[in-house]
Amino acid sequence: MAAIIVGVDHSDTARKAAFAAAKLASACCKPLHVVMAVNHRNSVEVAVGGSDRWHVDSLTAAEQFLGALIGELPASPITHAVILTDPVTALCEEAERLEASVIVVGNRRVQGAARLLGAVATDVARRAPCDVLIANTTSDRA
C-alpha cells in the first residue's frame, strides 16, 4: 500500500501539515511516513550548573522531536525518517523509495517569487515522483 509522506520541521505550519497528512492517511487507510530533513549533523556540549554536561546531537534531537509529534498524530501505522540533506531532496527521495502515492507539504508564506506556496512546496511540486497535496496551514481554519 503506497504511503502518504509529510515533511516536518519545528514550525507550526509543518505541524499543521502533519495533522492534515495524518487525517488523509486515516481516511484513505494508508500508512503515514513523516520525514524530517537535517542539513548538517552537529553536536553541542551543554554545561548546566557545576560539573553537569550533556551532548546534544542534531540527529538525536530530530528523532526525539519526531517521536513526540508522531505520538499526537491520528493515524496508524506511522513510520518516520530523519535524513541528512535538504527538505526537498529528502521528501522526493523518500517518496521514490517508498513508491508513495502523495507528498503533503504546508503552504508557509515566504518572501519573493515563491511566496504563493513557499519555497519547499514549490520545489517539491516540481520534483516529486508522485502527487503533491499542499495543505492550507496559514489560515485560521487550517
Could you go through the salt bridge (charged side-chain N to carboxylate O under 4.0 Å, His left out) check for D12 and K16 one step at a time? CA-CA 6 Å; D12 188 48; K16 289 178 181 178; 3.6 Å; yes
Tell me, with the steps shown, if H80 and V35 meet side-chain contact (heavy atoms from CB on, under 4.5 Å). CA-CA 6 Å; H80 71 279; V35 177; over 6 Å; no
Show the nearest heavy-atom pair for residues F19 and L69, with the distance to one decimal. CE1-CD1, 4.4 Å
Checking side-chain contact (heavy atoms from CB on, under 4.5 Å) for the pair V34/L73: CA distance, chi angles, key distance, verdict? CA-CA 10 Å; V34 184; L73 297 177; 4.1 Å; yes
Treating S26 as the side-chain partner and A22 as the backbone partner, does any N or O pair qualify as donor plus acceptor under 3.5 Å? yes
Qualifying residue for side chain to side chain donor-acceptor pair (under 3.5 Å) with R97, from E93, E99, E94: E94
Search all heavy atoms of M36 against all heavy atoms of V8 and return the closest pair with its distance. CG-O, 3.5 Å
Does any N or O in the side chain of T137 come within less than 3.5 Å of the main-chain N or O of N107, such that one atom is a donor and the other an acceptor? yes
Residues L24, V102; criterion side-chain contact (heavy atoms from CB on, under 4.5 Å); working and verdict: CA-CA 10 Å; L24 179 63; V102 67; 4.1 Å; yes
Search all heavy atoms of P129 against all heavy atoms of E96 and return the closest pair with its distance. CG-N, 3.8 Å
CD1/I70 to CG/L32 distance, rounded to the nearest 0.5 angstrom? 7.5 Å
Taking all atoms of both residues into account, what is the closest heavy-atom pair of V6 and L91, and its distance? C-CD2, 3.9 Å
Side chains of I4 and S101: closer than 4.5 Å at any heavy-atom pair? yes
Going from CD1 on I134 to CD1 on I103, what distance comes out if it is rounded to the nearest 0.5 angstrom? 11.0 Å
L66 and A81 have their tightest heavy-atom pair at CD1-O, 3.8 Å
Which heavy-atom pair separates C130 from A100 by the least distance, and what is that distance? CB-O, 3.3 Å
Euclidean distance, C92 SG relative to R126 CZ, rounded to 0.5 Å: 12.0 Å
